[in-house]
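This report refers to the structure that appears directly beneath it.
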Amino acid sequence: MQIFAQIAFILAFAAGIGIFIFNIRRMIRNVKLGREIDRSDHPGKRWKKMAKLALGQYKMVRRPVSGIVHIIVYLGFIIINIEVLEIVIDGIFGTHRIFAFAGDAYSFLIGAFEILALLVLLGVIIFWIRRNILHVYRFMAREMTSWPKNDANYILYFEMVLMLLFLIMNAADHQLQINGAPHYVEAGAFPVSSMFLPLLDGLSNSTLIIIERTAWWLHILGILFFLNYLYY
């Protein structure tokens, strides 16, 4: 049974990455249709500006409230996805929490990821309220309604679901560790997902495994889908 799960994961992962590479190659092809311009002057200034605007999200930080929340969501979402590396390795080789051997360092990382997931979830909810309830003036402009508004909401919903799946996966895993289930050795720290434990207490190990595996699969498949949705 495990080998079929590994094969299914490899196929799904290969398909998601393959579609992403295809789309990126098409985007590069379209960019190359443009006229060549020599932009080799002032490389230091150009790289500094690119880092400030693209990586540092400078334009968003100029608005204090939304800027701070944006940075939390932006950095939190990226940092949390470091755990995707572990998910990919586990999916390919049929292991479970392959990096658990790191001990306290692993516990610190999982705990930090959970706190960031909660902050991202709260940040995304704030953004959704600003867009759909508070009617912020700049979101009422014609170019920010219709499809742009729906597109933004779709991304917010995706991020909400992905963060919840991450926490549900960890909560079920934690409960299985407490129950002493086979292959679920004690690993990680769960400061946020542990709040879900009262909802899982009393469930059989087989039910908890179904919950944990379902959340695990939906989480990684959601990331692969989101990866390709962002291209559009």
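Among pairs with a residue in residues 4-26, none fulfils salt bridge (charged side-chain N to carboxylate O under 4.0 Å, His left out), at least two apart in sequence or across chains. For residues 176-213, every residue pair satisfying the ring pair (Phe, Tyr, Trp, His ring centres under 6.0 Å) rule, not counting sequence neighbours, is listed here: His96-Tyr184, His174-Phe190. Among residues at least two apart or in separate chains, side chain to side chain donor-acceptor pair (under 3.5 Å) pairs with a member in residues 156-166 are Trp128-Tyr157. For residues 165-175, every residue pair satisfying the salt bridge (charged side-chain N to carboxylate O under 4.0 Å, His left out) rule, not counting sequence neighbours, is listed here: Arg97-Asp173.
Not counting sequence neighbours, Glu83 has no partner by the side chain to side chain donor-acceptor pair (under 3.5 Å) test. Residues forming a side chain to side chain donor-acceptor pair (under 3.5 Å) with Asp38 (at least two apart in sequence, or on another chain): Ser40. For Ile72, the side-chain contact (heavy atoms from CB on, under 4.5 Å) partners two or more places apart in sequence, or in a different chain, are Ile68, Leu119. Qualifying side-chain contact (heavy atoms from CB on, under 4.5 Å) partners for Ser107, counting only residues two or more places apart in sequence or in other chains: Ala189. For Ile82, the side-chain contact (heavy atoms from CB on, under 4.5 Å) test picks out Ile79, Phe113, with sequence neighbours left out. With sequence neighbours excluded, the residues that form a side chain to side chain donor-acceptor pair (under 3.5 Å) with Asn179 are Gln175, Asn205. Evaluation of the side-chain contact (heavy atoms from CB on, under 4.5 Å) rule for Ile129 yields Ile125, Ile133, Leu134 as partners, not counting sequence neighbours. For the side chain to side chain donor-acceptor pair (under 3.5 Å) test, no residue two or more places apart in sequence or in another chain qualifies with Arg130.
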Could you walk me through whether Leu224 and Phe13 satisfy the side-chain contact (heavy atoms from CB on, under 4.5 Å) test, starting with their C-alpha distance in whole Å, then the side-chain angles of each, then the deciding distance to 0.1 Å, before giving a yes or no? CA-CA 7 Å; Leu224 291 173; Phe13 185 73; 4.1 Å; yes
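For Phe108, the CZ atom is loosely surrounded, since the number of other residues' heavy atoms within 6.0 Å does not exceed 12.
Grouping the Ile, Leu, Val, Met, Phe, Trp and Tyr side chains by contacts below 4.5 angstrom, directly or via other members, places Val84 apart from Ile19. Leu167 and Ile211 fall into different hydrophobic clusters, where Ile, Leu, Val, Met, Phe, Trp and Tyr are joined by side-chain heavy atoms under 4.5 Å apart, directly or via other members. Criterion: ILVMFWY side-chain heavy atoms under 4.5 Å apart, direct or through other members. Under it, Val185 and Ile89 are not part of a common hydrophobic cluster. There is a path of hydrophobic side-chain contacts, each under 4.5 Å, that joins Phe166 to Phe158. Under a hydrophobic-cluster definition in which Ile, Leu, Val, Met, Phe, Trp and Tyr are linked whenever side-chain heavy atoms come within less than 4.5 Å, directly or via other members, Leu221 and Ile87 are assigned to the same cluster.
Checking side-chain atoms of Arg131 against main-chain N and O of Asn153 turns up no donor-acceptor pair under 3.5 Å.
Nearest heavy atom pair, residue Ile155 against residue Leu230, reads CD1-CD2, 4.2 Å.
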